[in-house]
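Working notes, beginning with the structure itself.
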Protein chains: 2
Amino acid sequence: MSTRDALVEATADLLWERGYSATSPAMILARSGAGQGSMYHHFRGKADLARAAMQHAADEMTTGLETADDPSLPALERVRAFLGSLRDPLRGCRIGRLVQDAEVVDDDDLRGVADQYLHGLEQWVTDVLDAGRAAGELRPDADTAAAAAMVVAVVQGGFVLARARQDAAPQQAAVRGALAALDALAV
Amino acid sequence: MSTRDALVEATADLLWERGYSATSPAMILARSGAGQGSMYHHFRGKADLARAAMQHAADEMTTGLETADDPSLPALERVRAFLGSLRDPLRGCRIGRLVQDAEVVDDDDLRGVADQYLHGLEQWVTDVLDAGRAAGELRPDADTAAAAAMVVAVVQGGFVLARARQDAAPQQAAVRGALAALDALAV
DNA sequence: GTCTATATAATGATAGAC
DNA sequence: GTCTATCATTATATAGAC
């Protein structure tokens, strides 16, 4: 693996564990094994490296979602599979947790990566539900955009509850509530 | 206002704006007008002061919820009123946003305040829905605990989506989806 | 491209006068 | 109880050798 890639992966891991503000260049160098100079050779600074790391994480998650998805299944099964694929509830969402950081939100480059990922996720759920509605699986008057936003919010909010409790149960309960809501949209 | 109260309020504001890790004692002193010595006289350090500030914010929000609530209304109206009372979607939840901070989660005192607030909120929604179910307003088989977890998660996750987009719309859409789900629980 | 040495500022906390 | 002065440490970045 190139030094550049090692820097990106170490940063992505640290952003997941500690967030942006609490991750220092010194930690990144220690974990990646690179020296000071390499980091400032490949990137303009901490923010530039974090942007690359966030994009790396978002790309991995988006690819994972598309790989696991089977478009031939009924819409509610596809969304159920997504909600069942949540991992590491105590660690939180690799992207969603970062938007609580003021420095991330104040930097349009960093915030933009997060917004693009979350918006893409919401759009994917909307598209799946729209396909299900078109196939006659869901009620014709179902508000698919609202349901999709609810699903993505439940996932992100579930991470918040799980971290506060240090227990996956609250997120699982919230997901159960979301699934009951989706079942109510079926014909 | 006492110097101690000024420190607590300034800290509560800064935690809301910047989170825990990114808030420094220097910022707290500048905003409160207190000197270094006063802070370390009244509190053992940054964590101790933050714990008091988080408790202050949680108490204010819990009091606000109970004051605005009218137990004589139908259950779904009471939950709808709560979901309609969300303010400052771009600023996030004064408590929920802090649990993304590794330093907060690693400190059981700080995390405990957050967990207690969020758990109390979830319990309030559960109690309201249980009362509605007992009054025959909701289906007898409604999973009120799951619905309550879903509602609180939608609020917290809605803040995440709103901050990423820098627009209240995603949170409003998620709340709309949650309300549709609650309506489906009515008899 | 990579490294070590260094610079400047900020962080969290302490000392001790008033 | 409040203040200023100061401390050791860390954060982010630059300089310049190899």
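Proteins come first, then strands; the chains are lettered A, B, ... in the order of their sequence lines, and each starts at number 1.
- By the ring-ring contact (aromatic ring centres under 6.0 Å, His included) test, A/W124 is found to be paired with A/F82, residues two or more places apart in sequence or in another chain being considered.
- The distance between atom CE of B/M1 and atom P of D/dT2, rounded to the nearest whole Å, is 13 Å.
- Atom CZ of A/R91 is surrounded by more than 12 heavy atoms from other residues, nucleotides or ligands within 6.0 Å.
- Side-chain atoms of B/R97 come within 3.5 Å of backbone N or O of B/E17 as a donor-acceptor pair.
- Of the listed nucleotides (C/dT2, C/dG12, D/dT12), C/dG12 has the atom at the smallest distance from the side chain of B/K46.
- Spacing between atom CG of B/L7 and atom C1' of C/dA13 amounts to 15 Å, rounded to whole angstrom units.
- Contacts between residues 32-44 of chain B and DNA chain C, defined by a heavy-atom separation under 4.0 Å, are made by B/Q36, B/Y40.
- The interatomic distance linking A/D48 (CG) with D/dT12 (C1') rounds to 14 Å, in whole Å.
- The separation between B/L14 atom CG and C/dT11 atom P is 12 Å, rounded to whole Å.
- Counting only distance, with no hydrogens or angles, the side chain of A/S38 and the backbone of A/A34 share no donor-acceptor pair below 3.5 Å.
- Computed from coordinates, the A/Y20 OH to D/dA11 P distance equals 13 Å when rounded to whole Å.
- At whole-Å resolution of the value, CD1 in A/I28 and P in D/dA13 are 10 Å apart.
- In this structure, B/L29 places its CG atom 15 Å from P of D/dA5, rounding to the nearest Å.
- Within 4.0 Å (heavy atoms only), A/T23 reaches sugar-phosphate atoms of the nucleic acid but no base atom.
- Environment of CD in A/Q116: sparse, with no more than 12 heavy atoms of neighbouring residues, nucleotides or ligands closer than 6.0 Å.
- Here B/R80 pairs with B/D183 in a salt bridge; the nearest charged N to carboxylate O distance falls below 4.0 Å.
- Put simply, CE on B/M27 is 17 Å from C1' on C/dA13, counting in whole angstrom units.
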